[in-house]
Chemist: 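Just dropping this structure here.
Just so we're on the same page: letters track the sequence lines, and every chain starts at 1.
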Amino acid sequence: MWAFHTPQPTQPPSLFNPPRSPPKPPSSSLTLNPSTDTSTPNNNQLIQSLCKKGNLKQALKLLSHEPNPSQRTYELLILSCAHQNSLSLAQSLHSHISENGFDEDPFLVTKLINMYADLDSLDDARKLFDKTRKRTIFVWNALFRALTLAGFGEEVLGLYRKMIKVGVPSDRFTYTYVLKACVASECLVSLLKKGKEIHAHILRHGFETHVHVMTTLVDMYARFGCVAQASFVFKNMPVRNVVSWSAMIACYAKNEKPFEALELFREMIIETRDSVPNSVTMVSVLQACAALSALEQGKLIHAYVLRRGLDSVLPLISALITMYARCGELELGQRIFDRMKKRDVVSWNSLISSYGIHGYGKKAMQIFQEMIREGVSPSPITFVSVLGACSHAGLVEEGKGLFDAMRKVHGIIPSVEHYACMVDLLGRANRLEEAARIISEMRIEPGAKVWGSLLGSCRIHCNIELAERASHRLFQLEPLNAGNYVLLADIYAEAEKWDDVKRVRKLLETRSLQKVAGRSWIEVKRKMYSFVSVDEFNPQIEKIQSLLIKLSAEMKEKGYKPQTKVVLYDLEENEKERILLGHSEKLAVAFGLINTNKGETIRITKNLRLCEDCHSFTKFISKFTNKEILVRDANRFHHFQNGVCSCEDYW
DNA sequence: TCCGCAACTT
């Protein structure tokens, strides 16, 4: 039955039916020799010390000679099985424990459930729980933990209801698990309502003073994107620690509130003495800088990281590489990577995606190959990064090859993200039929990301038929995402199907959704300036507008043609031109021209994809004014210099 | 006696 070789094959039958007798008192001596005496009362201690040394097989061998294994002995054996990742040994040990009558010991049941969770054998954990009669809160919690970790959130919530029904009171651990269960669902159901109910239970039972419970609550709201609720809970916490602060900062950083994240970080440093930011806190702070492309802020944060001696923490270094790359400083990121003494897969992923967003697809692929040569196993995210890089650079065949190798060579099953990358890769390259075929051949349910990629490509290549198919699915999958309606309306508009445009815009209205406004921002002397079309308040707005009008007129003489077709309203040409000059990105460029010194690069970030007119306008400007202009749009970087863009007009 | 929170890479 044991999965290892035992030198005494005559023993077994009695192995699982040892005589029952009370455990003998432990001896103080530990100087036993197993080869000369295998059945002394101190076998327990010997087994335990073998477990501690990691010699599980030897320990199990000895167990077969021990008539009275103690609870402690079993405990160490269980931990050893989990540690050695051996399910078959674990199951045999479990039978041994049952046959010795220890399977009603809640202590060992808890340990066994945890062990099965570590070994990813949820069925064993469930079965054990089902036949356990003495279900202490420890046993319940262990199962909640196991199921939550594996993503069976709904099952946990069902069991939680049962637990309340049978009258077992929750403790602080129960609350952290069931809160996490709300966001750990395999299916895409929203368990926010459940989470709010549990929030109410927590308050009713007086757990609002428990830091861990309340921090988990903050994190739960954060993951649902309920920033206001998360911040409400956080502000009302009677006790906070570095983890609570980090959770709230991460909440802002992940939910498109980078300013708030930086502000809270500032508050944390100034107002608290006992909650000093750690490397985890700093990762979120760097993410906020990256989201804003706030290079100067980012450098200050980097200096802080160095002062605090946090610069050898791997995830933090990856965040630094990403921050510099997203702020346009690819070389600084590369330099940090070069100086790393130790690198993990995340460090490589960061570098690969950095080259990807700058449009260097070939280079990203080279780094990928180098990583493989160094013996680092790629993760699913590695492929998202490198496929994304291929997509930005139009490397269709290379991307297809990588997608193939991912399965065949690296044994990674493609996820929705990978399919979305492939659809994007093919779609951008105007191979829309091929992209649609990939979707129809998918073995998993194509989610919103996949259809979204297709719709985005249809927008670029104005394919109405496929766009209608994609948006039909998207309207079901994410009815509240305004972007999908806007894309479809834009496609109709470009084809001058004004009735359809009206119909889709009406749909947007009836669902009371708001089109996300195009926004651009620029950092000048450590201050961020943000622009939303013409009417945004800015003290220099008149100066900006007159500069744009002047430049536009001058550039027209040199061959610049306003791409009025991007204005998707049925208007006169000159009116369209006026609208074009109000695009946020042009305002930011003009602001940059006015407020930067000669030779200084203009760095702009835009929340949406760059429009064709802004793209050609900025190319002209870069030549006309002899300025380097770096623009990061929703997808990638555009490096404008001397009239050309690094994307080679493929974006 | 057993159990717990936050982070990175798309």
Side-chain angles (χ1 to χ4, degrees), chain A residues 70-72 74-75 78-79 105-115 117 136-146 148-149 171-180 210-220 222-223 230 234 237 240-251 253-254 275 277-287 290 310 313-323 325-326 333 343-354 356-357 371 378-389 391-392 415-418 420-421 424 449 453 635-636:
Chain A
S70 69
Q71 189 197 43
R72 174 71 179 154
Y74 278 135
E75 181 193 357
I78 293 169
L79 292 176
D105 177 350
F107 175 84
L108 287 182
V109 170
T110 302
K111 284 285 179 189
L112 281 168
I113 293 177
N114 288 336
M115 174 191 76
T136 62
I137 188 65
F138 290 105
V139 175
W140 283 98
N141 286 348
L143 187 69
F144 289 162
R145 173 179 174 267
T148 298
L149 283 175
D171 69 4
R172 63 212 160 102
F173 296 101
T174 317
Y175 287 121
T176 58
Y177 294 133
V178 293
L179 284 174
K180 279 176 94 65
H210 285 79
V211 188
H212 290 113
V213 173
M214 297 315 273
T215 302
T216 314
L217 197 52
V218 169
D219 186 56
M220 181 200 73
R223 282 169 202 272
F234 176 77
M237 282 173 74
R240 294 179 203 140
N241 62 17
V242 57
V243 181
S244 335
W245 283 91
S246 303
M248 195 60 225
I249 292 172
C251 170
K254 277 189 295 204
S275 296
N278 63 16
S279 67
V280 177
T281 324
M282 299 319 295
V283 168
S284 291
V285 175
L286 286 168
Q287 255 188 300
L310 299 170
V313 183
L314 282 183
L316 182 47
I317 303 175
S318 295
L320 274 170
I321 295 171
T322 303
M323 182 277 288
R326 292 184 70 86
R343 298 176 186 131
D344 63 3
V345 62
V346 178
S347 335
W348 287 94
N349 291 351
S350 302
L351 194 67
I352 291 170
S353 69
S354 295
I357 53 166
M371 166 185 167
S379 68
I381 288 169
T382 312
F383 285 97
V384 175
S385 309
V386 71
L387 289 173
S391 178
H392 293 313
S415 69
V416 175
E417 280 77 19
H418 298 117
C421 286
D424 196 64
K449 275 188 189 152
S453 288
N635 297 318
R636 58 163 292 161

Chemist: Between A:Thr382 and A:Asn349, is there a side-chain donor-acceptor contact under 3.5 Å, judged purely by atom types and distance?
Modeler: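 A:Asn349 vs A:Thr382: donor-acceptor pair found between side chains.
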Chemist: Between C1' on B:dC3 and CD1 on A:Ile137, what's the gap in Å once rounded to a whole number?
Modeler: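 Rounded to the whole Å, the gap is 10 Å.
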Chemist: By nearest atom, which of the nucleotides B:dT1, B:dT10, B:dA7 is closest to the A:Gln71 side chain?
Modeler: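 The listed nucleotide nearest to A:Gln71's side chain is B:dT1.
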Chemist: Quick check, does A:Phe107 stack with B:dT1? I mean ring centres under 5.5 Å and planes off by under 30°.
Modeler: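 According to the criterion (under 5.5 Å, under 30°), yes, A:Phe107 stacks.
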Chemist: At 4.0 Å (heavy atoms only), tell me whether A:Lys254 reaches a base, stays on the sugar-phosphate, or touches nothing.
Modeler: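 The residue A:Lys254 makes sugar-phosphate contact but no base contact.
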Chemist: Among B:dA6, B:dT10, B:dT9, which nucleotide sits nearest the side chain of A:Val280?
Modeler: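 Among B:dA6, B:dT10, B:dT9, the one nearest the side chain of A:Val280 is B:dA6.
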Chemist: Within the pair A:Ser353 and B:dT9, is there a side-chain N or O less than 4.0 Å away from OP1 or OP2?
Modeler: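 Answer no for this pair, as no side-chain N or O of A:Ser353 is under 4.0 Å from OP1 or OP2.
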Chemist: Tell me: CE of A:Met237 to P of B:dA6, nearest whole Å?
Modeler: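 Between P of B:dA6 and CE of A:Met237: 13 Å.
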Chemist: Please give, in whole Å, the distance from B:dT9 P to A:Leu320 CG?
Modeler: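 Value for this atom pair: 12 Å.
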Chemist: Which part of the nucleic acid does A:Asn241 contact within heavy-atom distance under 4.0 Å: base, sugar-phosphate only, or nothing?
Modeler: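 Contact class for A:Asn241: none.
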Chemist: What nucleic acid atoms does A:Asp219 come within less than 4.0 Å of, heavy atoms only: base, sugar-phosphate, or nothing?
Modeler: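 The residue A:Asp219 makes sugar-phosphate contact but no base contact.
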Chemist: Have a look at A:Arg72 and say if it touches a base, only the backbone sugar-phosphate, or nothing, with a 4.0 Å heavy-atom cut-off.
Modeler: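 Nothing: the residue A:Arg72, judged by heavy atoms under 4.0 Å, touches no strand.
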Chemist: May I have the distance from A:Leu149 (atom CG) to B:dC3 (atom C1'), rounded to whole angstrom?
Modeler: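 A:Leu149 atom CG is separated from B:dC3 atom C1' by 12 Å.
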Chemist: Looking only at the side chain of A:Val243 (C-beta and beyond, no hydrogens), which of the listed nucleotides B:dA6, B:dA7, B:dT9 gets closest?
Modeler: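 The answer is B:dA6, which lies nearest to the side chain.
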Chemist: Answer yes or no: is there a donor N or O on one side and an acceptor on the other, between the side chain of A:Ser318 and the main chain of A:Ser350, under 3.5 Å?
Modeler: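 Here the side-chain-to-backbone pair does not exist.
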Chemist: Assign A:Arg223 to base, sugar-phosphate, or nothing according to its heavy-atom contacts below 4.0 angstrom with the strands shown.
Modeler: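 Touches sugar-phosphate only.
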Chemist: Would a 4.5 Å heavy-atom cut-off, applied to side chains only, mark A:Glu417 and A:Ile381 as touching?
Modeler: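 No; the side chains remain at least 4.5 Å from each other.
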Chemist: Which part of the nucleic acid, if any, lies within contact of A:Thr176, taking any heavy atom under 4.0 Å across all strands shown: a base, the sugar-phosphate backbone alone, or nothing?
Modeler: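 A:Thr176: no heavy atom of the nucleic acid under 4.0 Å.
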Chemist: Which whole-number value in Å describes the distance from A:Leu310 CG to B:dC8 P?
Modeler: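 Value for this atom pair: 16 Å.
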Chemist: Could you check which of B:dA6, B:dT9, B:dC3 has an atom nearest any side-chain atom of A:Gln287?
Modeler: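 When the side chain of A:Gln287 is considered, B:dT9 is the closest of B:dA6, B:dT9, B:dC3.
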Chemist: Give the nucleotide from the list B:dC3, B:dT10, B:dA7 with an atom nearest to the side chain of A:Arg145.
Modeler: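 Selected nucleotide (nearest to the side chain): B:dC3.
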Chemist: For the backbone of A:Leu387 and the side chain of A:Ser391, can you confirm whether one donor and one acceptor N or O come within less than 3.5 Å of each other?
Modeler: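 Here the side-chain-to-backbone pair does not exist.
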Chemist: If you check the A:Ser246 side chain, which of B:dA6, B:dT10, B:dC3 turns out closest?
Modeler: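 The closest nucleotide is B:dA6.
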Chemist: So, A:Arg172 side chain and A:His210 main chain: donor-acceptor pair closer than 3.5 Å or not?
Modeler: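 Here the side-chain-to-backbone pair does not exist.
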Chemist: Return the nearest nucleotide to the side chain of A:Lys180; candidates are B:dA6, B:dC3, B:dA7.
Modeler: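 Of B:dA6, B:dC3, B:dA7, B:dA6 is nearest to the side chain of A:Lys180.
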Chemist: Please report, rounded to the nearest Å, how far the P atom of B:dC8 is from the CZ atom of A:Arg326.
Modeler: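 Result: 13 Å.
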Chemist: Nearest to the side chain of A:Asn114, which nucleotide is it out of B:dT1, B:dT9, B:dC3?
Modeler: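 Closest nucleotide among those given: B:dC3.
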Chemist: What integer distance in Å separates A:His210:NE2 from B:dA6:P?
Modeler: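 Rounded to whole Å, this separation is 17 Å.
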Chemist: Nearest to the A:Pro315 side chain among B:dC8, B:dT10, B:dC5, which nucleotide is it?
Modeler: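 Side chain of A:Pro315 sits closest to B:dC8.
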Chemist: From CD1 of A:Ile381 over to P of B:dT9, roughly how many Å is that when rounded to an integer?
Modeler: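 It is 9 Å, rounded to the nearest whole Å.
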Chemist: State, without any angle test, whether A:Thr216 and A:Asp219 hold a side-chain donor-acceptor pair at a distance under 3.5 Å.
Modeler: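 No, A:Asp219 and A:Thr216 have no side-chain donor paired with an acceptor closer than 3.5 Å.
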Chemist: How is A:Thr110 classified with respect to the nucleic acid when contacts are heavy atoms under 4.0 Å: base, sugar-phosphate, or nothing?
Modeler: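 If one applies the 4.0 Å heavy-atom cut-off, A:Thr110 turns out to touch a base.
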Chemist: Counting the atoms with a prime plus P, OP1 and OP2 as sugar-phosphate, which does A:Val283 contact under 4.0 Å by heavy atoms, base, sugar-phosphate, or nothing?
Modeler: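 Sugar-phosphate, backbone atoms only, no base.
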Chemist: Distance from A:Glu75 atom CD to A:Leu112 atom CG, nearest 0.5 Å?
Modeler: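 If I round to the nearest 0.5 Å, the distance is 11.0 Å.
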